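Because the structure is predicted, anything quoted here is derived from the model rather than measured.
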Amino acid sequence: MSEARYAIGVDLGTTNCALSYVDLAASEGESGQQHTMPVPQLTGPGAVEERSLLPSFLYLPHPDEMAPGDLVLPWGAQPDFVVGELARERGAQTPIRLVSSAKSWLSHPAVDRSAAILPWGGAEDVAKVSPISASASYLAHLRAAWNHRFPAHALEAQEIVLTVPASFDEAARALTLEAARLAGLDRLRLLEEPQAAFYDWLLRHRAGLSHALADTALVLVCDVGGGTTDLTLIRTQVDNGAPLLTRVGVGDHLMLGGDNMDLALAYTIAKRFSEKGTRLDSWQMRALWHRCRAAKEKLLAHSDSDTVPVSILGRGSSLIGGTLRTDLRRADVEEVIVDGFFPFCNADSRPTAVQRAGIQET
């Protein structure tokens with residue numbers, strides 16, 4: 001690691017991956033400046049664009065679905081699967097071939113996480129991959145993108161930090177390391193995501209850190225991610241202007257995050273279809289789940305939009321008029337997500353114990 005030119009942080013997220021870096025050999029004026037690497041990825045058949053995030057989706061196309069050359073990447077690779085933006089888009093249309101939330105499966109003790117089980121519940125004629133190999137495919141894509149951009153400084157030779165949920169147990173951490181190894185990244189450090197978020201806050205407030213933490217004894221970091229919610233309690237002290245941090249508590253492993261919120265929106269929309277006499281099957285629900293995620297992101301990203309159309313394919317012999325359409329309203333998002341997942345409560349309120357937590361697909 002002593003010969004590394006770059007310090008690199010990799011976020012292997014449930015719904016998106018990102019890579020940022022600092023040039024350790026930069027001039028004094030640029031020393032410590034953080035950069036986010038744009039990630040080249042397929043956005044359409046044969047179309048490559050750079051995006052700041054790599055969506056954590058893997059699509060397994062039918063052998064006849066793509067034309068020769070449609071999956072070629074800038075570094076010359078032509079895999080038989082797709083990751084990133086095109087995978088997310090195609091998968092929303094054909095969820096039977098989509099692998100999503102692989103990170104959540106890595107922490108699921110009730111399944112064999114090294115077995116080819118994804119897409120979960122997929123048809124027999126659809127090829128399957130393991131949660132480990134799906135996670136490795138995202139890391140391998142980031143590695144190839146970096147090495148294409150910086151051929152003189154291979155990613156595997158740099159100083160790498162890979163983030164994981166604080167509530168990941170030892171097995172999930174070991175599987176994350178195994179995924180990195182499969183991607184060709186043998187040397188790296190794991191860093192808990194809430195701590196990484198707090199380090200970023202410290203960096204942004206470094207000029208007035210003593211004042212910012214003067215009356216603060218404990219800091220609670222709440223990380224609501226795509227698949228999990230992480231809670232970390234940190235004791236803070238300031239000694240001669242330097243922070244002294246001690247992690248004193250980590251919350252239970254809560255598999256509750258953006259996936260559950262999107263699924264709640266999907267059930268809200270499904271109820272509308274049901275009231276009109278149309279009951280959705282399991283694959284239509286999966287398609288609706290992904291459509292609601294995309295619609296939610298548009299509503300939250302654009303304050304001038306109050307509705308976003310949502311459509312999925314219908315079932316039956318007729319191809320004409322077989323599409324089911326409705327709208328996801330801003331009011332739906334606020335009621336289901338804001339009020340439903342983050343309701344107002346009194347400071348002395350306590351949670352009610354329940355036997356089952358979160359939303360489970362049936």
Side-chain angles (χ1 to χ4, degrees), residues 14-15 55 57 59 87-101 104-105 118-123 126 224-229 254-345 349 351-362:
T14 303
T15 50
F57 294 84
Y59 184 73
R88 180 169 63 179
E89 179 62 28
R90 280 295 176 100
Q93 302 170 21
T94 315
I96 194 174
R97 296 185 172 275
L98 180 67
V99 175
S100 62
S101 304
S104 294
W105 287 101
L118 302 178
W120 183 258
V126 177
V224 182
T228 59
T229 292
L254 302 176
M255 292 189 68
L256 179 67
D259 284 347
N260 304 88
M261 298 175 191
D262 299 338
L263 191 58
L265 290 172
Y267 274 103
T268 300
I269 299 299
K271 183 179 179 181
R272 292 183 196 163
F273 288 131
S274 179
E275 291 171 349
K276 296 180 179 180
T278 301
R279 182 176 176 82
L280 305 183
D281 61 26
S282 61
W283 286 108
Q284 286 176 310
M285 278 301 303
R286 293 197 181 204
L288 183 59
W289 180 13
H290 293 295
R291 289 299 188 189
C292 284
R293 172 195 49 75
K296 174 205 69 179
E297 291 175 354
K298 288 182 180 179
L299 284 170
L300 296 180
H302 303 288
S303 59
D304 57 342
S305 300
D306 290 323
T307 61
V308 172
V310 174
S311 63
I312 58 172
L313 294 178
R315 293 290 189 178
S317 58
S318 175
L319 295 179
I320 300 177
T323 300
L324 302 175
R325 294 184 175 87
T326 188
D327 290 326
L328 182 66
R329 303 182 296 253
R330 179 176 297 276
D332 298 326
V333 176
E334 293 176 351
E335 179 181 354
V336 173
I337 295 182
V338 180
D339 298 335
F341 284 82
F342 306 103
F344 282 106
C345 61
S349 297
T352 301
V354 293
Q355 294 182 346
R356 297 172 63 183
I359 296 175
Q360 298 187 5
E361 184 179 4
T362 58

Looking at residues at least two apart in the chain, or sitting in another chain, which of them share a side chain to side chain contact (heavy atoms under 4.5 Å, CB included) with T15? D259
Name each donor-acceptor pair under 3.5 Å that joins a side chain in residues 268-278 to protein atoms two or more places apart or in another chain, with its distance.
from : atom 1 : to   : atom 2 : distance (Å)
T268 : OG1    : A264 : O      : 2.9
R272 : NH1    : D327 : O      : 2.6
R272 : NH2    : D332 : OD1    : 2.9
R272 : NH2    : D332 : OD2    : 2.5

Pick one: which of T307, L299, V308 meets side chain to side chain contact (heavy atoms under 4.5 Å, CB included) with R329? T307
Could you give the distance from CZ (F57) to OG1 (T14), rounded to the nearest 0.5 Å? 9.5 Å
With R97 via salt bridge (charged side-chain N to carboxylate O under 4.0 Å, His left out) - residues at least two apart: none
Just verifying a value: how many Å separate Q93 CD and R291 CZ, rounded to the nearest 0.5 Å? 5.5 Å
Quick one: pull up NZ in K296 and CG in L265 and give me the separation to the nearest 0.5 Å. 7.5 Å
In this structure, CG of N260 is separated from OG of S101 (nearest 0.5 Å) by 9.0 Å
Where H290 and G91 come nearest, the two heavy atoms and their spacing: CD2-O, 4.5 Å
Roughly how far, to the nearest 0.5 Å, is CE of M285 from SG of C292? 8.0 Å
Heavy atoms only: give me the nearest A287-A92 pair and the separation to one decimal. CB-O, 3.7 Å
Residues in side chain to side chain contact (heavy atoms under 4.5 Å, CB included) contact with Q284, at least two apart in sequence or another chain: L280, D281, I312, R315, L324
Where is the tightest heavy-atom contact between I96 and P119, given as atom of each residue plus distance? O-CG, 3.5 Å
Is the NZ or CZ atom of R286 positioned over W289's six-membered ring, under 6.0 angstrom from the centre and within 45° of the axis? no
Does any pair with a residue in residues 298-312 pass salt bridge (Lys or Arg N to Asp or Glu O under 4.0 Å), and if so which ones, sequence neighbours excluded? D306-R330
Taken to the nearest 0.5 Å, the spacing of L288 CG from W283 CH2 works out to 14.5 Å
Looking at D339 and V336, would you say the former's side chain and the latter's main chain have a donor-acceptor pair under 3.5 Å? no
V224 and F341: CA distance, side-chain angles, deciding distance, side-chain contact (heavy atoms from CB on, under 4.5 Å) verdict: CA-CA 11 Å; V224 182; F341 284 82; over 6 Å; no
With sequence neighbours left out, what residues match R325 under side chain to side chain contact (heavy atoms under 4.5 Å, CB included)? S311, T323
